[in-house]
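Written below as structure tokens is the structure these notes are about.
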Amino acid sequence: MTKTLPFSDRFMQVMEEHKADFYANPFIQAMIAGEVNPEALLYYVQQDYRYLGHYLPLYEQVCQTLTGQTIDAEVADDDREYAAHKILLDLAETDDKSIQEGKYPNSTVTDQYVNHMTKSVEKDPFIGLVALAACPYDYAYLADLLIRDGLIKPDNPFMPWVGYYRGIDKGLTRPMLALVNQTAEQVSPEVQEEALAAFIQSTKYENQFFLQGMEATK
Ligand SMILES: Cc1ncc(CO)c(N)n1
């Protein structure tokens, strides 16, 4: 008897295929160089705060549909990743709350990514879950890669930020992957393929999400 691999193993493959694109991203390159670009960081944090405001209710909805339960308070209640954003705001030498609340419109990428997640959730709860899984998974995987490849050294100012997200077996990522793998066994191969395509699309948006701040603040 061969045991089928967990569905989430395919996420690893997607990340390995997109690794070069992430590494070539000017936002990631600046981070590797330890260069602080305050405007790009502020832009990123502001967009991310909004993005997470859409993300959490979608995740809650998918969990409800698939498990009949609400998500762990501990997992949900990180105040939209305040701690991670605080690290970047400190680097940019600001703690201005108004930047997180923001008065600027959502960027195109933020809107497109949110729209992609919303449409995926409407289509099918498993496809939705997998489209959402890219958010914690990609950051966790990328953080692990950057450290493993020796690109973010302990003295890099972004080390605490990378450290916050690293580890695909902790935080939001762990329960999410467990739900992905459990649900995958109950859906058709066609739905699995559609879900993986949604994950790949989310991964492309993740890369663009980093980039947008660099381009908007050039
Ligand atoms: C866009 C985006 N992707 C992933 C994460 C990690 O949770 C985040 N905070 N924002």
Side-chain angles (χ1 to χ4, degrees), residues 8-52 54-55 81 84-85 87-92 104 106-117 120 130-169 171-173 176-177 193 195-218:
S8 65
D9 277 18
R10 301 177 72 182
F11 298 171
M12 201 185 302
Q13 210 179 326
V14 171
M15 283 305 284
E16 287 297 329
E17 282 161 12
H18 286 81
K19 175 179 157 168
D21 292 341
F22 280 108
Y23 278 12
N25 190 316
F27 186 92
I28 305 290
Q29 289 197 339
M31 191 184 295
I32 289 170
E35 280 165 17
V36 175
N37 177 339
E39 285 309 311
L41 295 183
L42 296 183
Y43 190 93
Y44 165 87
V45 170
Q46 194 198 339
Q47 295 301 323
D48 203 42
Y49 186 76
R50 304 254 189 86
Y51 166 86
L52 293 169
H54 291 281
Y55 184 92
E81 302 190 346
H85 288 171
I87 296 167
L88 299 185
L89 293 174
D90 282 352
L91 286 176
Y104 312 103
N106 282 14
S107 75
T108 312
V109 174
T110 306
D111 280 344
Q112 286 174 339
Y113 192 4
V114 168
N115 188 46
H116 165 63
M117 295 190 299
S120 301
V130 172
L132 292 169
C135 166
Y137 187 89
D138 287 12
Y139 272 35
Y141 196 88
L142 187 62
D144 280 340
L145 272 180
L146 288 166
I147 292 170
R148 189 193 74 194
D149 288 350
L151 294 170
I152 303 282
K153 304 233 167 50
D155 63 348
N156 187 304
F158 291 95
M159 184 67 202
W161 189 72
V162 173
Y164 174 92
Y165 286 111
R166 80 177 300 196
I168 58 167
D169 61 347
L172 183 65
T173 324
M176 220 172 174
L177 293 187
E193 287 318 306
L196 193 71
F199 184 89
I200 293 168
Q201 185 58 59
S202 291
T203 298
K204 293 187 171 145
Y205 282 134
E206 287 294 339
N207 207 11
Q208 291 174 27
F209 199 92
F210 285 130
L211 185 61
Q212 60 179 345
M214 295 299 274
E215 306 226 301
T217 62
K218 241 184 222 161

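Numbering starts at 1 and runs along the sequence shown.
Under the 4.5 Å side-chain criterion, counting only non-hydrogen atoms from C-beta, Leu196 is not in contact with Val130. When side chains are defined from C-beta on, Tyr43 counts as touching Ser107, because their heavy atoms get closer than 4.5 Å. Two residues are said to be in side-chain contact when any heavy atoms from C-beta on lie closer than 4.5 Å; Glu16 and Leu145 meet this criterion.
Cys135 contributes atom SG, which lies 7.0 Å from atom CG of Asp48 (distance to the nearest 0.5 angstrom). Gln208 CD to Gln212 CD: the interatomic distance, rounded to the nearest 0.5 Å, is 8.5 Å. To the nearest 0.5 angstrom, Leu132 atom CG is 6.0 Å from Met117 atom CE. The line from CG of Asn37 to OG1 of Thr217 is 5.0 Å long, rounded to the nearest 0.5 Å.
A search for side chain to side chain contact (heavy atoms under 4.5 Å, CB included) contacts involving Met15 returns Phe22, Tyr137, Asp138, Tyr141, Leu142, Thr203, not counting sequence neighbours. His116 meets the ring-ring contact (aromatic ring centres under 6.0 Å, His included) test with Tyr205; sequence neighbours excluded. With sequence neighbours left out, the side chain to side chain donor-acceptor pair (under 3.5 Å) criterion links Tyr55 to no other residue. For the side chain to side chain contact (heavy atoms under 4.5 Å, CB included) test, residues two or more places apart in sequence or in another chain that qualify with Asp9 are Leu5, Pro6, Met12. The side chain to side chain donor-acceptor pair (under 3.5 Å) check on Glu215 picks up nothing, with sequence neighbours excluded. Residues that satisfy the side chain to side chain contact (heavy atoms under 4.5 Å, CB included) test with Ala133, not counting sequence neighbours, are Phe11, Met176, Val180. In terms of the salt bridge (charged side-chain N to carboxylate O under 4.0 Å, His left out) criterion, Glu39 has no residue partners (sequence neighbours excluded). Scanning for side chain to side chain contact (heavy atoms under 4.5 Å, CB included) contacts around Asp21 gives His18, Asn207, with sequence neighbours left out. Scored by the salt bridge (charged side-chain N to carboxylate O under 4.0 Å, His left out) test, Asp144 finds Arg166 as partners (sequence neighbours excluded). Judged as a salt bridge (charged side-chain N to carboxylate O under 4.0 Å, His left out), and not counting sequence neighbours, Glu35 has no contacts.
When atom types are taken as modelled, the side chain of Thr173 and the backbone of Asp169 share no donor-acceptor pair closer than 3.5 angstrom.
For the residue pair Ala140 and Gly167, the shortest heavy atom distance occurs at CB-O, 3.5 Å. Residue Ala198 comes nearest to Ser120 through the heavy atom pair CB-OG, 4.1 Å, listed as atom of the first residue, atom of the second, then distance.
Using the six-membered ring where Trp is involved, Trp161 and Phe27 have ring planes that are perpendicular, over 60° apart on the 30 and 60° scheme. Between Phe210 and Tyr44, the two ring planes are parallel [angle under 30°; tilted spans 30° to 60°].
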Audit row: His85, Leu52, side-chain contact (heavy atoms from CB on, under 4.5 Å) steps and yes/no: CA-CA 11 Å; His85 288 171; Leu52 293 169; 4.0 Å; yes
side-chain contact (heavy atoms from CB on, under 4.5 Å) evaluation trace for Leu89 with Leu42: CA-CA 7 Å; Leu89 293 174; Leu42 296 183; 3.6 Å; yes
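Donor-acceptor pairing under 3.5 Å is recorded for the side chains of Glu206 and Tyr113.
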Residues 149-160 side chain polar contacts: donor-acceptor under 3.5 Å, at least two apart:
residue	atom	partner	partner atom	Å
Asp149	OD2	Lys19	NZ	3.1
Asp149	OD2	Tyr23	OH	2.8
Lys153	NZ	Gly150	O	3.1
Asn156	OD1	Phe158	N	2.7
Asn156	ND2	Met31	O	2.9
Asn156	ND2	Ile32	O	3.3

